[in-house]
Amino acid sequence: MGTKVAVGLSGGVDSSVAAWLLKQQGFDLIGLFMINWHDTEGTLSGDCPWMDDIIFAQLTARKLDIPFEAVDLSAAYRQRVVDYMFEEYRRGRTPNPDILCNREIKFDLFVQAAINHGAQYVATGHYCRKDTIMINGTETYRLLAGVDPGKDQSYFLCQLSQQQLASAMFPIGHLLKSEVRRIAENNGLVTARRKDSQGICFVGKVDLPVFLQQKLEAKDGVIVEIPSDSEVFKRKILPYDLHEKLQALSSPYTYHLSDGKIVGKHRGAHFFTIGQRKGLNVGGMMDPLFVIGLDVENNILYTGQGDQHPGLYRTALFIANRDIHWIRPDQALQLMEERRMRIRIRYRQPLQDATLYQMPEGLYVFFDEPQRGVTPGQFAAWYHDDELMGSGVIN
RNA sequence: UGUCCCGUGGUGUAAUGGUAGCACAACAGAUUUUGGUUCUGUUUGUCUAGGUUCGAAUCCUGGCGGGACAA
């Protein structure tokens, strides 16, 4: 009898192949399916999103001849992920529910469930890798990018801790997506040709404004266009003091009604996010309009014309101390320390060169190049080479 | 009231006698395990009634609507 591993079977090809690979390696497997959502409100498919998924997961377990069980974590998911989502949107910020889902559900409660089933490890179908090094005599886990450059999913795990990594296994992180598909095909896994899942983890594809209106009420407000040559964008002459410079560059522009002209109406500023183009319903412009700021207090949506609009770009961002998370605590920056890193601020974004500065109030990320759509509530994740070192919520 | 100007998809505009085009918006699909972005495709129009002409968005007349100047 080998080491006991619980594999999270989602009904997709990735987790199926992960399970198949572990089976080949002789692990004692149990397949667990997570139920995180029951409602169909707001979902586009109309029917229960996981009905098909659980069937495919079950078929996969049967094919591999491993025990199978469904774990219902929907109550906790609602509490720890969905409520957070509503709360962030209500505040005019843009959450990342999938990162929370991984931190709070998949690599917490789900792992607990796996342990209760006697498992020592939990395997998932994420495209990322883990290895173990020794530092001062203690085992330290490294979270590495998946080998497939187009599928690397380490970003979604950027909030995991050493403890959480300890029990994690990522069997497909060294493979390309095409190889995963081929393995599934060659071994008769029913999931081989299933379409990849999209949208919010386990909830499925949703019409977000409709989904959000379950909890956030619609209210009419105005859309204001800020001209690209507005005074708002003329930063005060940068002080020589590094700290003040970082503070200035990382703070969002603040707009007022008088800085632009009213070009349309919206049904609630909190339904939008920075950088958004679709859904503004304002036509007749030379170039498309993008959201460059939202004022939830006064329910005003600020926009700028064209993808080169200065309001769309920022060269620095700030992460408060309480929002800084080091996957590698041993590598954490000391006070007043700085370090070159590579950063992404959204899934699949190519890594951007930047310098991190640890100041008393928090961490500043100063990019070499201005970044488009720096959005409060989203996560910045910093890497050294292939290794995901830490992450934090953009302020 | 008089004179002049202007009415083209949802919006902004192009076509000055010869197949009504573009941009934005909207919708759909593709991409994407967050939001968003991006890509592709589709729908929708000559204010109205007559007239001239082989042929009218285009020229003429009336009406309707909007604007400017005059008083």
Side-chain angles (χ1 to χ4, degrees), chain A residues 8 10-15 34 36-37 44 49-50 53 77 81-82 84-86 88-106 124-128 146 148-159 172 177 180 194-212 216 223 225 263-266 270-292 294 303-309 312-313 344-350 371-381 391 393-394:
Chain A
S10 68
V13 64
D14 298 332
S15 59
M34 264 185 294
N36 284 7
W37 196 247
L44 289 180
W50 50 269
D53 295 334
Y77 186 86
V81 179
V82 178
Y84 143 84
M85 230 177 116
F86 282 128
E88 286 286 87
Y89 274 111
R90 194 185 59 71
R91 296 169 59 198
R93 294 156 58 90
T94 307
N96 189 321
D98 286 0
I99 288 177
L100 263 284
C101 174
N102 283 318
R103 186 183 79 191
E104 300 291 328
I105 308 294
K106 224 177 283 180
T124 67
H126 284 106
Y127 285 88
C128 64
D148 188 332
K151 289 300 292 186
D152 169 36
Q153 288 169 328
S154 56
Y155 176 75
F156 286 113
L157 304 180
C158 68
Q159 285 278 297
I172 63 163
K177 180 81 191 191
V180 168
R194 284 200 84 198
K195 190 168 155 45
D196 288 353
S197 64
Q198 290 175 3
I200 303 168
C201 177
F202 296 102
V203 177
K205 226 177 152 111
V206 298
D207 182 332
L208 202 59
V210 172
F211 183 80
L212 291 176
L216 306 176
I223 299 174
E225 182 192 352
V263 293
K265 293 180 302 189
H266 61 79
H270 46 258
F271 297 132
F272 294 84
T273 188
I274 290 177
Q276 181 169 345
R277 168 179 175 174
K278 291 293 175 183
L280 288 169
N281 227 314
V282 179
M285 301 283 177
M286 190 83 84
D287 290 310
L289 228 44
F290 294 92
V291 175
I292 58 174
L294 30 141
T303 60
Q305 205 178 145
D307 62 1
Q308 294 306 311
H309 192 95
L312 225 35
Y313 295 87
R344 65 165 52 100
I345 57 173
R346 59 176 59 82
Y347 178 53
R348 285 172 61 86
Q349 182 194 25
Q371 298 297 308
R372 175 164 167 177
V374 175
T375 309
Q378 290 281 292
F379 288 81
S391 66
V393 184
I394 299 169

Whether A/Gln378 side chain and A/Pro95 backbone form a donor-acceptor pair below 3.5 Å: yes
field: Rounded interatomic separation in angstrom, taking NZ from A/Lys195 and C1' from B/rG29
entry: 10 Å
Partner residues of A/Phe156 under the ring pair (Phe, Tyr, Trp, His ring centres under 6.0 Å) criterion, sequence neighbours left out: A/Tyr347
message: Judged by each residue's nearest nucleotide on RNA chain B, which is more toward the 5′ side, A/Leu157 or A/Arg372?
response: A/Leu157
Nucleotide N/O of nucleotides 40-47 of chain B paired with protein N/O under 3.5 Å:
none

task: State whether the distance check finds a donor on one side and an acceptor on the other, under 3.5 Å, for side chain A/Gln276 versus base B/rU37.
output: no
- prompt: So which nucleotide from B/rG35, B/rU34, B/rU38 ends up closest to the side chain of A/Phe290?
  reply: B/rU38
- line: Which of B/rG35, B/rA25, B/rU33 is nearest the side chain of A/Gln153? It is B/rU33
- prompt: Rounded to the Å, how far apart are A/Ile223 CD1 and B/rC24 P?
  reply: 17 Å
Side-chain donor or acceptor of A/Ser15 paired with backbone N/O of A/Ser10 under 3.5 Å: yes
field: A/Arg90: partners by side chain to side chain donor-acceptor pair (under 3.5 Å), with sequence neighbours left out
entry: A/Glu87
- prompt: Atom CG of A/Asp287 to atom P of B/rU38: distance rounded to whole Å?
  reply: 12 Å
field: Inter- and intrachain pairs under side chain to side chain donor-acceptor pair (under 3.5 Å), touching residues 272-282 of chain A, at least two apart
entry: A/Thr94-A/Thr273
message: List the residues meeting side chain to side chain donor-acceptor pair (under 3.5 Å) with A/Glu104, not counting sequence neighbours, and say none if there are none.
response: A/Arg80
field: Residue A/Pro97, side-chain heavy atoms: nucleotide from B/rC24, B/rU34, B/rG36 that is nearest
entry: B/rU34
- request: Name the nucleic acid region contacted by A/Leu280, choosing base, sugar-phosphate or nothing; use a 4.0 angstrom heavy-atom cut-off, strictly under.
  value: sugar-phosphate
query: Under 4.0 Å between a side-chain N/O of A/Lys278 and OP1 or OP2 of B/rA28, yes or no?
result: no
message: At 4.0 Å (heavy atoms only), tell me whether A/Gln305 reaches a base, stays on the sugar-phosphate, or touches nothing.
response: nothing
- request: Remember a base hit wins even if backbone is also touched, and classify A/Gly264 as base, sugar-phosphate or nothing at under 4.0 Å, heavy atoms.
  value: nothing
field: B/rG35 OP1/OP2 closer than 4.0 Å to side-chain N/O of A/Tyr89
entry: no
Side chain to side chain donor-acceptor pair (under 3.5 Å) involving A/Gln308 - partner list, sequence neighbours excluded: none
- prompt: Does a nitrogen or oxygen in the side chain of A/Arg277 sit under 4.0 Å from OP1 or OP2 of B/rA25?
  reply: yes
message: Only Watson-Crick and G-U wobble pairs, only distances under 3.5 Å, only runs of 3 or more: what stems does that leave for RNA chain B?
response: B:1-7 with B:64-70, B:10-13 with B:21-24, B:26-30 with B:38-42, B:47-51 with B:59-63
- prompt: Over how many whole Å does the gap from A/Asn281 atom CG to B/rA26 atom P extend?
  reply: 5 Å
query: Tell me, do A/Glu225 and A/Leu289 make a side-chain contact under 4.5 Å, heavy atoms counted?
result: yes
task: Kindly write out the residues that satisfy salt bridge (charged side-chain N to carboxylate O under 4.0 Å, His left out) with A/Arg194, not counting sequence neighbours, or none if the list is empty.
output: A/Asp53
- line: Residues at least two apart in sequence or cross-chain that pass side chain to side chain donor-acceptor pair (under 3.5 Å) with A/Tyr155, listed by chain then number, are none
